[in-house]
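Quick notes on the structure that follows.
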Amino acid sequence: MLNPKLIRSDIKAVAEQLKKRSFELDVTTLESLENKRKACQVESENLQSQRNTKSKSIGKAKASGADIKPLLDEVAGLGEKLDAAKSELAQVQQQMDAIIMGIPNLLHESVPFGKDEGDNVEIRRWGEPKTFDFEVKDHVALGEKGNVVNRWLDFETASKLTGSRYVVMHGQMAKLHRALIQFMLDVHTNEHGYTEVYVPYIVNSESLRGTGQLPKFEEDLFCVDKEAGHYLIPTAEVPVTNIVRDEILDASQLPLKLTSHTPCFRSEAGSYGKDTRGMIRQHQFDKVEMVQMVSADKAWATLEELTLHAEVILQKLELPYRTVILCSADVGFSAAKTYDIEVWLPGQQAYREISSCSCFGDFQARRMQARWRNPETGKPELLNTVNGSGLAIGRTLVAVLENYQQEDGSILIPDVLKPYMGGLEKLS
RNA sequence: GGAAGGGUGGCUGAGCGGUUGAAAGCACCAGUCUUGAAAACUGGCAAGGGUUUACGCCCUUCGUGGGUUCAAAUCCCACCUCUUCCGCCA
């Protein structure tokens with residue numbers, strides 16, 4: 001949520017900035033609502049104030065034994081007028097809130113302008129895509145060996161159990177998947193200073209509002225209980241970030257660096273034809289997430305730092321990747337700036353997103369009322385939130401399979417994962 | 001699932017129809033004392049919003065939403081949530 005004061009005081013500038021992400025702000029509607037709001041609020045506060053003083057004087061009169069009847073007569077019609085004014089104000093405010101909650105975050109000035117994802121800009125590259133002297137297979141082909149009770153990657157059985165876009169993993173493949181999780185959590189907690197957290201995989205709608213998934217993107221979510229407003233998490237970002245909702249942190253608690261492994265659930269509505277083959281786009285996938293809550297002055301540096309934390313994982317796994325900055329058309333609703341990290345997939349001969357690291361400024365914090373107390377002023381200030389995948393487990397598994405494949409279809413285990421695989425050298 | 005008791009400011013915790021936005025304590029900030037620190041003492045200290053050039057003035061907020069009343073932290077109803085006990089069960 002943008003600062004309502006900013007919208008009020010300089011709506012033209014806000015509208016201008018939003019144009020960069022092709023968002024048309026309805027300035028006329030907003031301005032007229034704002035005028036109405038002002039009038040309504042002054043009106044209802046005046047009435048409220050009148051009633052308060054009169055009620056107080058009744059109390060005093062009663063205490064001193066005076067006759068309160070004339071005073072009661074004075075207040076007679078006030079209540080109804082007040083109710084009317086209040087409900088009008090509430091209506092106006094509701095309309096404004098609905099608009100304001102639907103406005104995306106302002107982009108950081110360093111975000112390049114673009115029309116679509118093709119305009120994202122590569123900013124660095126690490127590692128060389130390996131050349132193979134045999135015909136490479138993609139992960140689906142590599143995972144095919146075996147049968148219904150031991151196939152490495154079994155999409156058919158998963159669709160029997162549930163439907164499309166799920167997977168069953170068996171044996172060493174399931175273990176490798178788990179090894180990746182352990183490895184990433186260990187790196188982030190031991191080397192990058194994050195604290196591991198375990199969180200619910202189902203959250204309420206307030207949490208989803210806090211991080212910005214609701215009200216605008218409900219169709220992307222799996223709802224498990226409409227009445228209770230409970231949804232499966234689309235990312236650990238939601239429960240982890242909302243830990244600080246309605247809290248005022250002490251300066252000594254910053255930066256708050258949390259990491260969490262969770263499954264993620266996405267309906268993938270609107271991506272019907274996309275990535276239907278294999279594990280790239282699933283309704284359920286695991287992810288290790290990094291989240292940092294920091295003071296405003298640290299936000300941008302934190303984004304750089306956190307992005308490197310994600311890159312370190314790929315470096316340790318010796319997987320070639322590149323980092324791109326998302327252009328204005330591709331940055332998500334709540335983010336002010338986003339780096340995507342794309343890993344090289346020999347099976348696709350392409351770099352594919354494996355992590356997305358974003359700085360949200362105070363956009364999420366304002367929705368969540370997540371603050372910290374600045375000792376210099378003694379006043380609470382909104383936190384800034386930064387988060388990123390470190391990394392998506394399923395896609396990392398795909399990358400390991402495809403990059404470490406051998407001609408005979410076996411898979412070498414990356415050195416850093418061997419300790420997690422009981423010293424195993426390769427999957428075969 | 002049944003029973004009982006709670007949810008109040010950054011935290012602990014009083015208040016249970018009317019100068020209570022809310023006692024007290026802790027924490028925090030400033031000062032006195034001290035070579036310095038601690039202790040002690042003195043003072044300050046909620047958040048959000050409106051309005052004003054400004055001092056200020058005003059409104060809202062005691063889990064959430066309704067209701068009663070001129071007036072609600074305080075009474076009534078519903079819901080959420082926490083604790084304890086019983087039952088059931090990973």
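Sequence lines set the chain letters: A, B, ... in the order given, protein chains first and strands last, and positions in each chain run from 1.
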| task | Please check the phosphate of U51(B) (OP1 and OP2 only) for any side-chain N or O of K38(A) closer than 4.0 Å. | result | yes
| request: Could you tell me the separation between the CD atom of Q253(A) and the C1' atom of C28(B), rounded to a whole number of Å? | output: 14 Å
| request: Report which part of the nucleic acid R37(A) touches: base, sugar-phosphate, or nothing (heavy-atom distance under 4.0 Å, all strands). | output: sugar-phosphate
| What is the distance from CD of Q93(A) to C1' of C59(B), rounded to the nearest Å? | 12 Å
| said: Expressed as a whole number of angstroms, how long is the span from Q41(A):CD to U51(B):P? | reply: 7 Å
| query | Just how far, in rounded Å, is P of G48(B) from CD of E381(A)? | reply | 11 Å
| query | Mind checking who A37(B) pairs with, Watson-Crick or G-U wobble, both distances under 3.5 Å? | reply | none
| Given atom CD1 of I248(A) and atom P of C11(B), what is their separation to the nearest angstrom? | 8 Å
| query | Expressed in whole Å, how much space separates the C1' atoms belonging to U35(B) and U42(B)? | reply | 23 Å
| Whether S267(A) side chain and E219(A) backbone form a donor-acceptor pair below 3.5 Å | yes
| Interatomic distance, L47(A) CG vs C58(B) C1' [rounded to whole Å] | 13 Å
| Are S356(A) and D340(A) close enough that a side-chain donor and a side-chain acceptor fall under 3.5 Å? | yes
| field | Complementary nucleotide for A54(B) - Watson-Crick or wobble, under 3.5 Å | value | none
| query | Looking just at side-chain N and O atoms, do Q364(A) and T385(A) make a donor-acceptor pair shorter than 3.5 Å? | reply | yes
| said: To check you understand the geometry: which heavy-atom pair defines the closest contact between R21(A) and V331(A), and what is its length? | reply: NH2-O, 2.8 Å
| query | What string of B, S and - do you get for nucleotides 60-83 of chain B 5' to 3' if you count protein non-hydrogen atoms under 4.0 Å? | reply | S---------BSS-----------
| said: Can you confirm whether more than 12 heavy atoms, excluding those of Q91(A), are under 6.0 Å from its CD atom? | reply: no
| Close side-chain approach of C359(A) and T302(A), heavy atoms under 4.5 Å | no
| request: Quote, to the nearest angstrom, the P distance that separates U60(B) from U74(B). | output: 15 Å
| task | Verify the distance criterion only: is there a donor paired with an acceptor across the side chains of S207(A) and N204(A) at less than 3.5 Å? | result | yes
| message | Keeping R367(A) on the side-chain end and M101(A) on the backbone end, is there a donor-acceptor pair under 3.5 Å? | response | yes
| Residue matched to U42(B) through Watson-Crick or wobble contacts both under 3.5 angstrom | A30(B)
| field | C1' atoms of G6(B) and U64(B), separation to the nearest Å | value | 16 Å
| message | I need the CD-P distance between Q369(A) and A47(B), as an integer number of Å. | response | 12 Å
| Toward the 5' end of RNA chain B, which comes first, Q50(A) or V42(A), by nearest nucleotide? | V42(A)
| remark: Mate of U81(B) across any strand shown (Watson-Crick or G-U wobble, both atom pairs under 3.5 Å) is G6(B)
| remark: Rounded to whole Å, the CE-P distance (M1(A) to G48(B)) equals 13 Å
| said: Say we look at U61(B) and G21(B): how far apart would their P atoms be, to the nearest angstrom? | reply: 12 Å
| remark: Re G87(B): Watson-Crick or G-U wobble partner, both distances kept under 3.5 Å, found to be none
| Are any of R371(A)'s side-chain N or O atoms less than 4.0 Å away from OP1 or OP2 of G48(B)? | yes
| task | For P375(A), report the nucleic acid contact type (base, sugar-phosphate, nothing); a contact means any heavy atom under 4.0 Å. | result | nothing
| task | Quote, to the nearest angstrom, the C1' distance that separates G13(B) from A71(B). | result | 27 Å
| field | Same-atom distance (C1') from G15(B) to A72(B), integer angstrom | value | 13 Å
